[in-house]
Protein chains: 2
Amino acid sequence: MGSELTETNTSSDEVAPTLSAVAKRAGVSSITVSRVVRLPDLVAPETRARVEKAMRELGYVPNLVAGALASAKTNSVGVLVPTIANSIFADTVQGLSDKLEPLGYSVILAQSRYDAAREDRMLAALLSRRPEAIIMVGSPATEDGKRLLRHARIPIVETWELPIDPIDAVAGFDNYQAGVAVARHFIEHGRQHLAFIGGDDPRGTRRWLGFQDHALACGLQPPRRLILERNASGSVAAHANLPGVDAVFAANDAHAIGFMAGLRKAGLLRDGPAAAQPVAVVGLGDLEMGRLISPSLSTISVHGDAIGRTAATLTLERGGERRIDLGFELVLRDSG
Amino acid sequence: MGSELTETNTSSDEVAPTLSAVAKRAGVSSITVSRVVRLPDLVAPETRARVEKAMRELGYVPNLVAGALASAKTNSVGVLVPTIANSIFADTVQGLSDKLEPLGYSVILAQSRYDAAREDRMLAALLSRRPEAIIMVGSPATEDGKRLLRHARIPIVETWELPIDPIDAVAGFDNYQAGVAVARHFIEHGRQHLAFIGGDDPRGTRRWLGFQDHALACGLQPPRRLILERNASGSVAAHANLPGVDAVFAANDAHAIGFMAGLRKAGLLRDGPAAAQPVAVVGLGDLEMGRLISPSLSTISVHGDAIGRTAATLTLERGGERRIDLGFELVLRDSG
DNA sequence: ATTCCCCATGATAGCGCTAACATTCGGACA
DNA sequence: TGTCCGAATGTTAGCGCTATCATGGGGAAT
């Protein structure tokens, strides 16, 4: 009575059963129940069976909040990404949680939306849940954020970059060199008028810098840079703002594909090989989609899931190398 | 000494400072510090300033684990999705966390990988963290999972479907009717030989059923169904297994785009309008990419982020309608 | 003055669990 | 036969915080 949810024969009362409720029912002390849950080998088979029966009958679900407080272990990791939607970071989250979940860790996910203030708030929110480690994309944008992490005394893994003075561990690649690689490729294939399109987030900017520096070092005219909104639609119209440009490095594959849609409308896209393209296009991220479209998209291939898995490993193992360069690969297809 | 991390002038000792450490430093009782953190209006401005100064000096970060245990409020929600990578569910996670994070809720993310056993394990793991609510894609695959959720006595939101006997709340759309809509569209445009490609997960299967039922009801030959791996690459070769088919409904846009890549290789794709396509293709999800490729992809448009935001709302408000149909829309472009 | 009330603060008792240290008991071993 | 040891279980004391119920000390109202 009083509850509209009673439905099984096993009494489902008002409140969630606790360890000691199970203990009472099984006729043991609560620490024994605790052991059945966490260290079953320490409990005699018969006792264990009795306790397990009581747990089943009561529908006992352990309270990890209390367990975490008592043991000072939350078995959780905080994950901070700029955004999870339509993005390569989803692969990283997938990779790291595939590694961590089987080990009993939970992932607490937060998004900064490329906003420094929100990033700081999210970092503080994550830390107040006392995760065993923090994995984030990039580095904290503010000194406050950095200080927060440095004082947290847990493993911190920065990803998707190789910061010079990391807080703790790093799993990423060299965005600057990625920019250099694309510029070199364009120049080797006779392109003269380069441009970069994409966001102005730290990683995009680093790609731009490498791209620009290499172009200048090779004596080309200064490449152009077009900063776009985060969604790819803006990139469709981008070529109108880039007259005379014959090679474009897009900060990610979505922008690259959007840009190609614009080229197509302008009659500047061929189904032939890269050499036939009036405007060469290279993206970054190696989306599956880029392989499927026509002309297929050349891209800097980065293994987002490997970054995630490596980051997870870095949170688990304290010793060993704390700075892992996963590298990247220039994959040439038909777009440039 | 003994620590290699001391660096600020403010003493950063071995362990994280607690409420009572702050209290001692500020010369107040710990409950007052607690009030400064949670209910600042109850504290006199001068006292508050003194406490805030002490918090800053000690680098105090509240321990929400302890707070959650004491107050029986974790301010977290559990989110269970099949997968977060390369998928439309990322939009849903984004949508719900955009709504929940500003309110102080954390998102605990788990992935089932379309595996019933793993789903059950993840549900149990989530529940043991005592979230205020659970939001999941679809319904639990097993009775065990359903029972777990029914006994949890927290809001449960099932999404991306409209189950007949929901556990609690629902934010989704009618996958069966989506299948019907695509079949109707194909038939109205004179297509005779229909096929469905995609996964055999519950939602995909429901789409298939609607698609099949409507085709049969209209007197067409039984449509074919090709079950594919989750990645789109498999769909590239799919058309070879579908001789004579002139209209294909792909369970998601990625498969649709992959299938179109196969059609292109086979010379069965035109840059013209839908009527000119030897094989009409309709996807589901309305990926931005589908709008950008050529021919542009017709699709069932579903607002993944709206599903997420709606689900978040349903976890917060107990009263009101608990079954929200977000609908879908058949968006016709050039592919079919 | 006295009463009342509200504002600011404090003392106390847990939340549900686990770490750390008993305790008990039966058998192996000398 | 006594000693020792390990296996199985229990006792105790918190983890860091918050809910709840005091407490004291001004005004405002009478």
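Labels below follow one simple rule: chain letters A, B, ... track the order of the sequence lines, proteins then strands, and each chain is numbered from 1.
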Whichever of A:Leu19 and B:Thr32 has the more 5' nearest nucleotide on DNA chain C, that residue is B:Thr32

For D:dC15, does OP1 or OP2 lie under 4.0 Å from any side-chain N or O of B:Thr18?
no

Base, sugar-phosphate, or nothing for B:Ala72, non-hydrogen atoms under 4.0 angstrom?
nothing

For B:Lys53, the salt bridge (Lys or Arg N to Asp or Glu O under 4.0 Å) test, sequence neighbours excluded, returns B:Glu57

Any B:Tyr60 side-chain N or O less than 4.0 Å from OP1/OP2 of D:dG16:
no

Nearest to the A:Ala66 side chain among D:dC17, C:dT9, C:dC17, which nucleotide is it?
C:dC17

Would you call B:Arg50 and B:Val28 a side-chain contact if the rule is heavy atoms closer than 4.5 Å?
yes

Which nucleotide, C:dA8, C:dA11, D:dT9, lies nearest any side-chain atom of B:Ser29?
C:dA11

B:Val77 and B:Ile134, any side-chain heavy atoms less than 4.5 Å apart
no

Spacing of B:Arg48 atom CZ relative to C:dC7 atom C1', expressed in whole Å
14 Å

Rounded distance in Å - NZ (B:Lys24) to P (C:dA11)
14 Å

Gap between atoms CZ and C1', on A:Arg50 and D:dT9 respectively (whole Å):
11 Å

Which residue pairs pass the side chain to side chain donor-acceptor pair (under 3.5 Å) test with at least one member in residues 34-46 of chain A, sequence neighbours excluded?
A:Ser34-A:Arg38

Restricting to side-chain hydrogen bond (donor to acceptor under 3.5 Å, both in side chains), what partner residues turn up for B:Asp91, sequence neighbours left out?
none

Which pairs pass salt bridge (charged side-chain N to carboxylate O under 4.0 Å, His left out) with one or both residues in residues 114-133 of chain B, sequence neighbours excluded?
A:Asp98-B:Arg118, A:Glu101-B:Arg118

Taking CZ from B:Arg130 and P from C:dG16, how many angstroms apart are they, rounded to a whole number?
9 Å

Which residues satisfy the side-chain hydrogen bond (donor to acceptor under 3.5 Å, both in side chains) test with A:Ser97, sequence neighbours excluded?
B:Gln111

Nearest to the side chain of A:Asn63, heavy atoms from C-beta on, is which of D:dT18, D:dG16, C:dC17?
C:dC17

Could you run down the sub-3.5 Å N/O contacts of the protein with nucleotides 19-27 of chain C?
from: C:dA19; atom 1: OP2; to: A:Arg38; atom 2: NH1; distance (Å): 3.1

Which donor-acceptor pairs under 3.5 Å do side chains of residues 160-167 of chain A form with protein atoms, sequence neighbours excluded?
from: A:Trp160; atom 1: NE1; to: A:Thr92; atom 2: OG1; distance (Å): 3.0
from: A:Glu161; atom 1: OE1; to: A:Arg206; atom 2: NH1; distance (Å): 2.8
from: A:Glu161; atom 1: OE2; to: A:Arg203; atom 2: NH1; distance (Å): 2.8

Please report the distance, rounded to the nearest Å, between CD in A:Glu46 and C1' in D:dT9.
14 Å

Distance check needed: C:dG16 P versus B:Lys73 NZ, whole Å only.
16 Å

Taking C-beta and beyond as the side chain, do B:Val157 and B:Asp168 meet within less than 4.5 Å on heavy atoms?
no

For C:dC17, does OP1 or OP2 lie under 4.0 Å from any side-chain N or O of A:Ser20?
no

Respond yes when some side-chain nitrogen or oxygen of A:Thr47 is under 4.0 Å from OP1 or OP2 of D:dT9, and no when none is.
yes

Using whole Å, report how far CG of A:Asp41 lies from P of D:dT9.
13 Å

Residues that A:Lys99 engages under side-chain hydrogen bond (donor to acceptor under 3.5 Å, both in side chains), provided they are two or more places apart
A:Thr313

Between atom CG in B:Leu69 and atom P in D:dG14, what is the gap in whole Å?
17 Å

For the helix from C:dA1-D:dT30 to C:dA30-D:dT1, what angle separates the axis at the start from the axis at the finish, each from five pairs, in steps of 10°?
40°

With respect to the phosphate group of C:dT18, does any side-chain polar atom (N or O) of A:Ser34 fall under 4.0 Å of OP1 or OP2?
yes

Taking for each residue the nucleotide of DNA chain D with the nearest heavy atom, is it A:Pro45 or B:Val65 whose nucleotide lies nearer the 5' end?
A:Pro45

